[in-house]
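Heads up, the thing below is written out as structure tokens.
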Amino acid sequence: MTRPAIVVNRPLMPLITDQLEARFEVHRWWEITEAARIAFLAGAAKEVRGMAVNFAAGLLDGGFMDQFPKLEIIANFGVGYDAIDAKAAASRGVIVTNTPDVLTEEVADLTLGLLLSTIRRLPQADAYLRKGEWMKAPFPLTASLRGKKVGIVGLGRIGKAIARRIEAFDVPISYHGRSRQADVAYPYFPTIEALAKAVDILIIVAPGGPETRHIIGEAVLHALGAQGTLINVARGSLVDETALVKALETGQLGAAGLDVFEVEPCFPKALAAMENVVLLPHVGSASVHTRNAMGQLTVDNLASWFDHGRPITPVPETPWPG
Ligand code: 8YV
């Protein structure tokens with residue numbers, strides 16, 4: 001029996017690659033040179049039935065999908081699938097899957113780490129000690145989580161896991177999202193700006209994509225204010241980075257902790273020189289434990305589709321049964 005052909009867009013961990021190689025005919029997109037791509041798209045691509053996608057650099061849109069007329073499923077390695085036009089997939093009868101749940105607690109853990117690092121300046125304190133500065137003087141006193149109010153933008157699975165952790169820190173939580181949620185008692189704010197005005201720390205954990213692009217701009221940053229802190233663990237696209245850099249430079253925003261950027265792996269150079277920011281290279285889910293679980297779910301979605309004709313974790317735009 002011929003093995004189904006799939007495309008993998010970027011290198012994945014051996015755990016995934018080994019399993020994919022064992023059951024599929026794998027085309028490694030990143031190894032197909034610019035010149036060879038034309039021949040590939042005219043030939044082998046016509047037999048491709050699946051894709052395993054790891055955070056596509058550009059939008060995986062309908063036009064791209066159309067080059068694979070037998071495409072049935074796109075399995076995304078990650079919970080956020082803003083790099084895939086899921087509506088375009090739906091209209092073509094292509095299933096999109098993602099990796100929900102298996103990374104929720106990990107990303108929430110990281111968010112609390114980033115929050116405390118930003119408020120208490122842990123990376124700066126570590127660098128201070130390593131440079132021998134402690135010998136000369138104690139590390140300067142920092143801001144505190146005590147007496148602060150936290151706002152969460154996007155109270156989905158990860159947002160709720162973050163909120164649960166913040167409750168243990170004994171600080172009040174409120175939130176903004178597409179709608180008020182019945183199962184939480186936290187105060188709801190109908191606009192991000194009103195939420196930003198009411199809190200000291202704003203945590204962004206809403207999905208990326210065109211609907212949320214730059215929802216954190218000058219007005220929200222100014223509402224958060226000179227003593228305010230922005231934490232972003234969602235997608236860089238939600239924040240207008242030019243406005244963010246300006247607000248931090250002019251002191252209109254107090255501090256920022258960022259795990260994500262608009263054009264990764266790039267980031268605004270001006271941020272690197274700032275003392276009041278903590279920058280991480282998109283590591284929210286990046287533990288061996290959790291990346292293995294995400295990888296396995298990616299493989300399992302493809303395997304379930306080709307073995308049993310159903311996905312395990314389809315995204316809402318391509319529900320199953322479809
Ligand atoms: C990963 C993520 O960085 O799940 C997501 O949406 O952003 C991350 O867990 C990414 O998917 C893997 O490259």
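Whatever order the structure lists them in is the order used to number ligands and atoms, beginning at 1. Not measured: the values here are computed from a predicted model.
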_Tell me the closest heavy-atom pair linking G217 and A243, and the distance in Å._
C-CB, 4.3 Å
*Partners meeting ring pair (Phe, Tyr, Trp, His ring centres under 6.0 Å) with F306 (sequence neighbours left out)*: F24
Identify each donor-acceptor pair in which a side-chain atom of residues 154-168 lies under 3.5 Å from a protein atom, sequence neighbours left out, and give them as a table.
| residue | atom | partner | partner atom | Å |
| --- | --- | --- | --- | --- |
| K160 | NZ | Q181 | OE1 | 2.7 |
| K160 | NZ | D183 | OD1 | 3.4 |
| K160 | NZ | D183 | OD2 | 3.2 |
| R164 | NH2 | E105 | OE1 | 3.3 |
| R164 | NH2 | E105 | OE2 | 3.1 |
| R165 | NE | D109 | OD1 | 2.8 |
| R165 | NH1 | E105 | OE1 | 3.0 |
| R165 | NH1 | A161 | O | 3.0 |
| R165 | NH2 | E105 | O | 3.4 |
| R165 | NH2 | E105 | OE1 | 2.9 |
| R165 | NH2 | D109 | OD1 | 2.8 |
| E167 | OE2 | Y186 | OH | 2.4 |

Scan the side chains in residues 62-73 for donor-acceptor partners under 3.5 Å anywhere in the protein, sequence neighbours excluded, and list what turns up.
| residue | atom | partner | partner atom | Å |
| --- | --- | --- | --- | --- |
| D66 | OD1 | R92 | NE | 2.7 |
| D66 | OD2 | R92 | NH2 | 3.2 |
| K70 | NZ | E47 | OE1 | 2.8 |
| K70 | NZ | E47 | OE2 | 3.1 |
| E72 | OE1 | W305 | NE1 | 2.8 |
| E72 | OE2 | R49 | NE | 2.6 |
| E72 | OE2 | R49 | NH2 | 3.2 |

*At a 4.0 angstrom heavy-atom cut-off, what protein residues surround ligand 1?*
N54, F55, F77, G78, V79, G80, L103, R235, H282, S285, R291, M294
_ILVMFWY network linking F40 to I74, side-chain heavy atoms under 4.5 angstrom_ = yes
*For residues S144 and R120, is any side-chain donor paired with an opposing acceptor at under 3.5 Å?*
no
